[in-house]
There are 2 protein chains.
Amino acid sequence: MIKNDLANLLERKANFSRAKAALTVETILETMKKALLAGEKIEIRGFGSFRVMPKKTGFGRDIRRNRQIPISGGRRVKFRPGQDFKKQLKQQSIE
Amino acid sequence: MIKNDLANLLERKANFSRAKAALTVETILETMKKALLAGEKIEIRGFGSFRVMPKKTGFGRDIRRNRQIPISGGRRVKFRPGQDFKKQLKQQSIE
DNA sequence: CCGTTGATGATCAAGAACGACCTGGCCAAC
DNA sequence: GTTGGCCAGGTCGTTCTTGATCATCAACGG
């Protein structure tokens with residue numbers, strides 16, 4: 001699924017124009033991104049939650065150069081699917 | 001940030017009615033959820049990607065009962081912020 | 001709609017962090 | 001205001017994380 005799919009969905013479901021649909025999708029995603037960058041958490045019931053957490057990981061590794069790479073801090077975005085979402089994930093299996 | 005915040009945003013930015021804004025937000029999120037449940041991956045450039053992966057974890061642990069808990073498989077949803085997103089996360093620090 | 005641009009994914013390793021379950025508290029949703 | 005979903009905590013095992021490169025495909029222009 002790509003951004004275009006979501007836009008198409010709004011075209012059909014909400015009867016939006018293509019431009020409006022695309023803009024709406026981008027607006028929402030952009031807003032969510034900004035909120036996360038501001039350190040805010042996003043919590044949508046029935047869907048899931050995004051949380052920004054300080055990065056605790058210490059070292060990664062560069063195979064090519066065979067050296068450890070200090071992870072100079074920062075933050076990570078963690079997504080957790082909601083209860084219903086998780087339940088459905090368990091029930092359905094991948095083939 | 002909660003679902004209501006996103007709806008308010010659409011009211012202001014896109015001049016949607018409250019009901020339409022709320023419905024739009026839910027429609028998008030619901031669709032994304034369904035896509036993930038269908039095993040589809042979502043890839044939005046500039047934002048991030050959601051991928052569904054089979055769960056390989058074998059055991060969890062119940063501290064209270066001091067026993068191991070078999071994690072009977074299922075799938076997990078993994079979110080990865082996009083390049084730009086990640087870069088900004090690094091640059092900004094938490095207070 | 002097709003082609004182009006360039007971001008995204010996989011990979012390899014090693015090490016640290018997260019995840020599951022359960023209960024209580026807090027807050028999102030109605 | 002009420003309901004009930006969501007987060008935290010603890011232990012052990014699994015997964016993630018980092019970086020660089022090539023191929024693939026999302027996004028966009030003609």
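All figures in this text were calculated on a predicted structure; none of them were measured in a lab. We name chains A, B, ... by the order of the sequence lines, and we start the count at 1 in each one.
- Regarding B/L29, its CG atom lies at a distance of 16 Å from the P atom of C/dA28, rounded to whole Å.
- On a pure distance criterion of 3.5 Å, a polar donor-acceptor pair joins the side chain of B/R45 and the base of C/dG6.
- Along DNA chain C, the nucleotide closest to B/E26 and the one closest to A/F79 are compared, and the more 5′ of them pairs with A/F79.
- Checking D/dC16, D/dC7, C/dG19 against the side-chain heavy atoms of A/K78 singles out C/dG19 as nearest.
- Crowding of A/K41 atom NZ: a count of heavy atoms from other residues, nucleotides or ligands under 6.0 Å not exceeding 12.
- Between B/F79 and B/F47, the angle of the ring planes lies from 30° to 60°, which puts this pair in the tilted group.
- Residue A/E43 places its side chain closer to C/dA28 than to any other of C/dC18, C/dA28, C/dG9.
- If you measure from atom CZ of A/F85 to atom C1' of C/dA28, you get 19 Å, rounded to the nearest angstrom.
- Between B/R76 atom CZ and C/dA20 atom P there is a gap of 8 Å when expressed in whole angstrom units.
- For B/R51, the side-chain atoms get nearest to C/dG9 when compared with the rest of D/dC16, D/dA26, C/dG9.
- Checking side-chain atoms of B/R75 against main-chain N and O of B/L37 turns up a donor-acceptor pair under 3.5 Å.
- Taking every side-chain heavy atom of A/R80 into account, D/dC7 is the closest of D/dC16, C/dT5, D/dC7.
- Residues B/Q88 and B/D84 bring a donor and an acceptor atom of their side chains to less than 3.5 Å of each other.
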